[in-house]
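This one's a predicted model, so the numbers in the text were calculated from it and none came from an experiment.
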Amino acid sequence: MNTLVITGGSSGIGKATASLFCERGWRVFELSRHGGDESKVESRKSKDTGEIMHITCDVCSEESCRTAIGEVLRQTDHIDVVISNAGYGISGPIEFTEIADAEHQMDVNFMGAVRFTQAVLPQLRRQRYGRIIYTSSVAGVLAVPYQAFYSASKAAINAMALALANEVREFGITVSVLMPGDVSTGFTDARRKSTAGAEVYRHSEQAITAMEKDERGGMEPRKMAILFYHIATCRNPRPQYVGGLLYRTFCFLNNILPTRLVNRIEGKMYS
C-alpha cells in the first residue's frame with residue numbers, strides 16, 4: 001500500500017487531499033496540531049480503501065516533527081509521498097506589521113516546511129525514492145500588497161524547492177510545488193488581520209476585503225487535492241504547478257511581460 005504523509009491535513013486543502021488519497025487506496029498519515037486526540041481520526045483498514053491516521057505535530061518544533069515521523073515509521077516501513085501543507089496568513093501594511101508577527105509567519109510557513117523536510121529526508125534517502133510536494137501559492141510569484149510576509153514565505157518555499165530538487169535527485173527523490181490561486185477554505189477566516197496603519201495606508205482595508213471576497217468565491221479544495229494526486233502519481237512531475245486556469249494565465253503573463261507593468265497592474269487591482 002502506498003503511503004502519504006501530509007502536514008496541515010486537518011482542514012481545507014490538506015483535509016481534502018488526505019481524504020482523496022485515502023479514497024484511492026493510500027495509507028495516509030495526517031500531521032497537525034489539531035484534528036482530534038492522538039488516535040486515528042479516520043480509519044479504513046481494508047487494503048483496498050486505505051486509512052487516515054492523525055499524529056499531533058507542531059511544525060514550529062524540530063523535535064515535534066522528528067517525533068511525528070518516528071511514529072509514522074513505527075507503523076510503516078516506507079513513505080512514498082510527503083506533502084508539506086501547513087501554513088496560515090497574516091495581512092496588513094509592512095510598515096505597521098509587528099516584527100514578531102512577521103517572524104511567526106515565516107516560522108510556520110517556511111521554516112515549518114524546512115523542519116518537516118529535514119525530518120523526513122533521512123527515510124527517503126534510505127529508500128532511494130520518494131516525492132516531496134510543497135503547498136506554495138500564486139502569491140509567491142505575484143506578490144500581494146498587504147500580504148507581503150505571506151507572499152515572501154511562499155516565494156521562499158519556491159526557491160528552496162528548486163534548490164532541494166538538485167540536491168536530492170541522486171537519491172531518486174523528486175520535488176515539486178503546487179501554487180494554488182484562490183481556494184474557498186477556512187484559511188480566510190483564520191487569517192490574522194491587522195488594521196494598524198489603516199489611516200495612513202487608506203487602501204489596505206479595502207484591498208484585504210477584496211482579497212477575502214475572491215477567496216470565499218474561489219475553487220473547491222478538492223480541485224487542489226486532485227492536482228496533488230496527479231503530482232504524486234504521474235511519471236515525471238514538473239518542478240512547479242499552478243492551481244486553476246485563470247492563475248496559470250496570470251503566471252504566464254508574469255513571465256512574458258515587464259515586471260514593472262505586472263506589478264503596477266496588480267497594485268491597481270487592490271487600490
Side-chain angles (χ1 to χ4, degrees), residues 1-87 107-135 157 160-161 164-165 167-168 171-178 224-225 228-233 237:
M1 182 182 291
N2 290 331
T3 301
L4 167 71
V5 180
I6 180 170
T7 64
S10 63
S11 63
I13 293 173
K15 184 176 182 179
T17 300
S19 296
L20 179 66
F21 275 74
C22 181
E23 290 168 14
R24 297 188 178 182
W26 287 55
R27 190 178 195 191
V28 179
F29 291 90
E30 176 269 305
L31 277 53
S32 64
R33 292 182 303 140
H34 310 291
D37 56 24
E38 298 287 341
S39 63
K40 309 170 189 177
V41 293
E42 183 176 350
S43 177
R44 300 174 185 173
K45 293 188 178 180
S46 166
K47 65 180 181 180
D48 296 320
T49 59
E51 68 179 317
I52 296 176
M53 302 281 289
H54 166 72
I55 298 174
T56 299
C57 178
D58 182 358
V59 296
C60 290
S61 164
E62 182 178 352
E63 180 181 0
S64 182
C65 289
R66 295 192 185 280
T67 298
I69 294 302
E71 179 60 31
V72 169
L73 294 175
R74 277 190 283 275
Q75 300 186 47
T76 184
D77 62 357
H78 68 283
I79 299 172
D80 297 280
V81 176
V82 297
I83 299 178
S84 177
N85 175 71
D107 193 39
V108 175
N109 290 12
F110 176 61
M111 291 307 300
V114 173
R115 295 183 189 97
F116 178 57
T117 301
Q118 290 182 339
V120 78
L121 267 176
Q123 175 62 25
L124 301 187
R125 281 194 296 101
R126 283 192 293 268
Q127 298 174 175
R128 301 196 70 83
Y129 71 88
R131 293 192 178 180
I132 301 173
I133 311 171
Y134 297 98
T135 302
I157 284 177
M160 180 182 70
L164 182 64
E167 294 179 9
V168 300
F171 305 112
I173 303 167
T174 65
V175 183
S176 300
V177 299
L178 172 57
M224 296 302 101
F228 269 126
Y229 191 81
H230 169 74
I231 301 168
T233 58

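Checked for salt-bridge contact, Glu71 and Arg74 meet the test: a charged N lies under 4.0 Å from a carboxylate O. In summary, Arg126 and Asp77 do not engage in a salt bridge, as defined by a charged side-chain N under 4.0 Å from a carboxylate O.
The side chain to side chain contact (heavy atoms under 4.5 Å, CB included) test with Val5 singles out one residue from Ile79, Val81, Ile83, Leu73, and that residue is Ile79. Just one residue in the list Ile69, Thr76, Val82, Ile6 forms a side chain to side chain contact (heavy atoms under 4.5 Å, CB included) with Phe29, and that residue is Thr76.
With a 4.5 Å cut-off on side-chain heavy atoms, Leu124 and Ile132 count as touching. When side chains are defined from C-beta on, Leu121 counts as touching Ile173, because their heavy atoms get closer than 4.5 Å. Here the side chains of Gln127 and Phe171 are not in contact, with every heavy-atom distance at 4.5 Å or above. Taking the side chain as every heavy atom from C-beta outward, Asn2 and Phe21 never approach each other to under 4.5 Å. Between Ile13 and Phe228 the shortest side-chain heavy-atom distance falls below 4.5 Å. The side-chain heavy atoms of Arg131 and Ile231, taken from C-beta on, include no pair separated by under 4.5 Å. For the pair Leu31/Phe116, a side-chain contact is recorded, criterion being any heavy-atom separation below 4.5 Å from C-beta on. Considering only heavy atoms from C-beta on, Arg115 stays 4.5 Å or farther from Arg66 through its side chain.
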Begin from the C-alpha positions of Trp26 and Thr233 and carry the test side-chain contact (heavy atoms from CB on, under 4.5 Å) through to its verdict. CA-CA 12 Å; Trp26 287 55; Thr233 58; 3.9 Å; yes
side-chain contact (heavy atoms from CB on, under 4.5 Å), that's the test. Do Glu30 and Met53 meet it? Break it down for me. CA-CA 6 Å; Glu30 176 269 305; Met53 302 281 289; over 6 Å; no
Could you give me the CA-CA distance, side-chain angles and deciding distance for Ser32 and Cys57, then say whether side-chain contact (heavy atoms from CB on, under 4.5 Å) is met? CA-CA 5 Å; Ser32 64; Cys57 178; over 6 Å; no
Is there a side chain to side chain donor-acceptor pair (under 3.5 Å) between Tyr129 and Thr174 once you walk through the steps? CA-CA 8 Å; Tyr129 71 88; Thr174 65; over 6 Å; no
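Summarising the geometry, atom CD1 belonging to Ile133 is positioned 10.5 Å from atom OG belonging to Ser84; distances are rounded to the nearest 0.5 Å. Within the model, atoms CD of Glu167 and CZ of Arg125 stand 11.5 Å from one another, a figure rounded to the nearest 0.5 Å. Expressed to the nearest 0.5 Å, how far CG of Leu4 lies from CG of Leu20 amounts to 10.0 Å. For the atom pair CE of Met160 and CZ of Phe110, the computed distance is 5.0 Å after rounding to the nearest 0.5 Å. Note that the OG atom of Ser19 and the CZ atom of Arg24 stand 12.0 Å from one another [nearest 0.5 Å].
Side chain of Asp80 to backbone of Thr3: a donor-acceptor contact under 3.5 angstrom is found. Remark: side-chain polar atoms of His78 are paired, donor with acceptor, to backbone N or O of Met1 under 3.5 angstrom. Using a distance-only test at 3.5 Å, with no hydrogens or angles considered, a donor-acceptor pair links the side chain of Asn85 to the main chain of Gly8. Formation of a donor-acceptor pair under 3.5 Å by the Ser64 side chain with backbone atoms of Asp58 is found in this model.
Residues Val28 and Ala18 come closest through the heavy atom pair CG2-O, 3.7 Å. Annotation for His54 and Thr56: closest pair NE2-OG1, 3.3 Å, computed over non-hydrogen atoms. Minimum heavy-atom separation, Val59 to Val108: CG2-O, 4.0 Å. Here the closest heavy-atom approach between residue Lys15 and residue Ser10 is recorded as CD-O, 3.6 Å.
A donor and an acceptor atom, one from each side chain of Tyr229 and Thr17, are nowhere located under 3.5 Å apart.
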